[in-house]
Number of protein chains: 2
Amino acid sequence: MSGEHGVPSRPSRRITASDVARLAGVSRSAVSRALTPGASISEKTRDKVMAAAAELGYQPNLMARSLMTRQTRLIALVMAQLRNPFFTDMLGMFNRHFQERGYQTLLLAVEGAQGVDEVLESVFQYQPDGAVLVSCSPSLALAERCVRDGMPLVVIDRGADTALDGIASHVWIRSDRLGLEIAERLLAEGRRRVALIEGYAGEPLSERARCFMERMLRAEGVSVQVEYGQYSYAGGYAAGLRLLRSASPPDAVFCIADPMALGVVDAARLELGLRVPEALSVIGFSDIPAAAWRSHALTTARLPIAELVSHAADALLQRVESPDTPAQTLLLDCPLIPRGTTLPQP
Amino acid sequence: MSGEHGVPSRPSRRITASDVARLAGVSRSAVSRALTPGASISEKTRDKVMAAAAELGYQPNLMARSLMTRQTRLIALVMAQLRNPFFTDMLGMFNRHFQERGYQTLLLAVEGAQGVDEVLESVFQYQPDGAVLVSCSPSLALAERCVRDGMPLVVIDRGADTALDGIASHVWIRSDRLGLEIAERLLAEGRRRVALIEGYAGEPLSERARCFMERMLRAEGVSVQVEYGQYSYAGGYAAGLRLLRSASPPDAVFCIADPMALGVVDAARLELGLRVPEALSVIGFSDIPAAAWRSHALTTARLPIAELVSHAADALLQRVESPDTPAQTLLLDCPLIPRGTTLPQP
DNA sequence: AAGCGTTTTGCACGCGCGTGCAATTTTAGC
DNA sequence: GCTAAAATTGCACGCGCGTGCAAAACGCTT
């Protein structure tokens, strides 16, 4: 027994159940049983074990335990766009949900070249009990393997891809209604020269943008132009300037993310001296905290983050704890929040 | 061999090294060795094993592996204030650093009643190779146990607490210089009626606020009043109104967090019609993205997040990989970024 | 006090893996 | 072609833990 007391010698072995057993004068199985709620053990020995465990500061090794129990109480959280503050919000909420129900969060970021499949494969080594995928979806083959191997999946922000239906649960927003509502709001204001600001030129249009466009193009005498603002304030500011200085400046802009919308508002007001909302309506998406600031008072659609997260977490843990639960799909509405960058509704 | 092909039957056992060995026609040790870089194995068998592994989609079970290797390649990230966007920024960066060097991030939030020690104890069960503590520090006893058991610690934002010196590494900012520089900047502008906006009334003053106060109180004919803004825009807005409507309104405000500073600016300009910076100087702290927005152009001190994180990650992994490295302390400077809410320096 | 049923306990095994050691094969040397 | 050295392989063990099973201890009745 080296370094049992006093100076911390070498990386002295961590305390194991055997150490506790020895100190308590019982068998190692007794220690196991003392820590297992339903197990068959007398009050007396349990107390002895607990006392010894407390004295040694014993913590069971979950890695070893998981070998037997076949569950790690680990949930993998795979996120693309970890830089986006709106996603890190979700992260905190997910973590809280999981922690409350006795699970820990293993964080994985999908960045740059390495694909979702690659990351997911590597997480696999930790044998998490389930995984949440945010803004990224794996190949069908891999998803099937995950589910077959007892690792349920829930996907958030998967877009219109329906290949995973029935395999992975899916929680996201009703983009169709959202795009429609925003389009009609602008039309009702009498706007006819409309602009849409998307994220990046290379990527396919987001669902909400697509539905917005669809409705707009159905309207008569309406023109729609598209710009790109990289999801950022600066990008939105620049895109706003390009649009408003062009030959046919818009009288309404829908930005698929709030930071870009705030940039457009500032470009219009502070750089060009335009009046918002009189000369230009601006609508964003997400309802980030800054959207409510008095300086901007941005009209935007609220992304119900808390609800999304709590539904996704529930759906996942449900399947983790009773594997026969089928995968479900849930779509939530995004209420439009009228503030000061659109005209008051008649 | 059930469900080897076709319908996913019951939670069919995950693929193990034995399965691979059987398919490759070698012993299980051979599989182990094929996957261990330096191991003694012929090119031929390695190829056979790799082929079989690929065919079965084999992923080694890290839990089992960690039992032998005594390392999990897991780093625990313990954060208080996970709601604070500035901290979630760090989170993403940490994760990236760890992932790049082959470690995964186990996320832990310290919230409400449950203390750091409690959380840290529970993480212990996962035997992480190291831990980062953000805005929270454990008891000395627990920290000692962590280090003794081979789990190095690095603490960020620990404040002035020096009890852990030599046990846990420490990376944070030079609050003393920061407070001093901001105070002197405002004094140089000729401000004499100064206000400080802190987070919460109950908590002890933050380091930077304390140093700021110290300098101010040394100056002649300067009065300092303190308000509280809960670290938020709304809180800062309200605090700003209280100050500016009082009998002795300040002509300069230092807010220990940017969101509050932005609230003060808006309260002054938009609600009270004051001119910033002519009638009121405002300085914040962090340099969040919104501070650079044209609408506010907030003068603030930049918290060097990327540098903090990269130094902290390096310090930690260094100790993880060679346990004899001593704990170190590193303090970084926060450059003051003059923008539009302070007077141009003479 | 003996008999029976009911806890409680310890033993032994295996979860999936890495690794020392001895047996085996391959290679080199003459 | 034969032997010694080197490379490769399989066996067996243990990492820390949960759990079925049979032995032991206990409680109760007659």
Side-chain angles (χ1 to χ4, degrees), chain A residues 11-50 52-53 56-74 124-129 149-151, chain B residues 11-50 52-53 56-74 124-129 149-151:
Chain A
S12 63
R13 259 177 43 270
R14 249 128 141 144
I15 307 292
T16 76
S18 303
D19 300 323
V20 178
R22 204 174 313 124
L23 179 61
V26 297
S27 78
R28 206 187 47 66
S29 335
V31 178
S32 249
R33 282 192 256 263
L35 291 147
T36 310
S40 150
I41 192 172
S42 73
E43 202 62 33
K44 206 172 46 176
T45 30
R46 162 168 282 141
D47 290 348
K48 275 198 295 187
V49 170
M50 290 317 223
L56 295 177
Y58 169 68
Q59 293 292 123
N61 183 329
L62 282 195
M63 307 291 123
R65 176 179 288 174
S66 78
L67 273 189
M68 284 299 300
T69 61
R70 301 184 162 289
Q71 55 165 345
T72 53
R73 302 203 76 80
L74 232 40
F124 228 85
Q125 306 188 337
Y126 288 95
Q127 323 271 126
D129 293 345
D149 288 3
M151 180 170 117
Chain B
S12 63
R13 259 176 45 272
R14 250 129 140 140
I15 307 293
T16 75
S18 303
D19 300 324
V20 178
R22 204 174 313 124
L23 178 61
V26 297
S27 77
R28 205 188 46 66
S29 337
V31 179
S32 248
R33 283 192 254 265
L35 291 148
T36 310
S40 149
I41 192 172
S42 73
E43 202 63 32
K44 206 172 46 178
T45 27
R46 159 167 284 141
D47 290 348
K48 275 198 296 187
V49 169
M50 291 316 224
L56 295 177
Y58 168 68
Q59 293 293 122
N61 183 330
L62 281 196
M63 309 290 123
R65 175 178 289 175
S66 78
L67 273 189
M68 284 299 300
T69 60
R70 302 185 161 288
Q71 54 165 345
T72 53
R73 303 202 78 78
L74 232 39
F124 227 85
Q125 305 187 339
Y126 287 95
Q127 323 272 126
D129 293 344
D149 288 4
M151 179 170 117

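We use all heavy atoms of the structure for the numbers below, so side chains are in, but hydrogens, waters and symmetry mates are not. Below, read A as the first sequence line, B as the second, and so on, with proteins coming before strands; counting in each chain starts at 1.
Set against D:dC17, D:dC15, D:dT19, the side chain of B:Met68 has D:dC15 as its closest nucleotide. Comparing atom distances between the B:Leu67 side chain and each of D:dC15, D:dC17, C:dC17 picks out D:dC15 as nearest. Residue B:Ser40 places its side chain closer to D:dT8 than to any other of C:dG18, D:dC17, D:dT8.
Atom P of nucleotide C:dG16 and atom OH of A:Tyr126 are separated by 19 Å, given to the nearest angstrom. Here the C1' atom of nucleotide C:dC17 and the CZ atom of B:Arg73 are 16 Å apart, to the nearest Å. In this structure, A:Ile41 places its CD1 atom 13 Å from C1' of D:dG18, rounding to the nearest Å. Distance CG (A:Asp19) to C1' (D:dC15): 13 Å, rounded to an integer number of Å. Distance A:Arg22 CZ to C:dG10 C1': 16 Å, rounded to the nearest Å. Here the C1' atom of nucleotide D:dT8 and the CG atom of B:Asp47 are 15 Å apart, to the nearest Å. When rounded to the nearest whole Å, the span between CG of B:Asn61 and P of C:dG14 equals 18 Å. Distance, B:Arg33 CZ to C:dG20 P: 9 Å, rounded to whole Å.
At least one side-chain nitrogen or oxygen of A:Thr45 sits closer than 4.0 Å to the OP1 or OP2 atom of C:dT9. Considering only side-chain N and O atoms, A:Tyr58 lies under 4.0 angstrom from the phosphate OP1 or OP2 of D:dC17. Proximity of B:Arg70 to the phosphate of C:dG18: no side-chain N or O atom is located under 4.0 Å from OP1 or OP2. Remark: B:Thr16 is not in phosphate contact with C:dG16, judged by side-chain N or O atoms under 4.0 Å from OP1 or OP2.
You'll find a donor-acceptor pair under 3.5 Å spanning the side chain of B:Ser29 and the base of D:dC11, going by distance alone.
A residue-by-residue look at B:Gly25 and A:Pro60 shows that B:Gly25 has its nearest nucleotide of DNA chain D further toward the 5' end. Comparing A:Ser42 and A:Arg28 by the nucleotide of DNA chain C whose heavy atom lies nearest to each, the residue mapping closer to the 5' end is A:Ser42.
Between the CZ atom in B:Arg14 and the CD atom in A:Gln127 there is a gap of 4.0 Å [rounded to 0.5 Å]. Atom CG of residue A:Leu62 and atom OH of residue B:Tyr126 lie 5.0 Å apart, to the nearest 0.5 angstrom.
Residues A:Thr45 and A:Ser42 bring a donor and an acceptor atom of their side chains to less than 3.5 Å of each other. In this structure, a donor-acceptor pair under 3.5 Å is absent between the side chains of A:Ser29 and A:Ser32.
Of the charged side-chain nitrogens involved, none lies within less than 4.0 Å of a carboxylate oxygen, so that B:Asp47 and B:Lys44 do not count as a salt-bridged pair.
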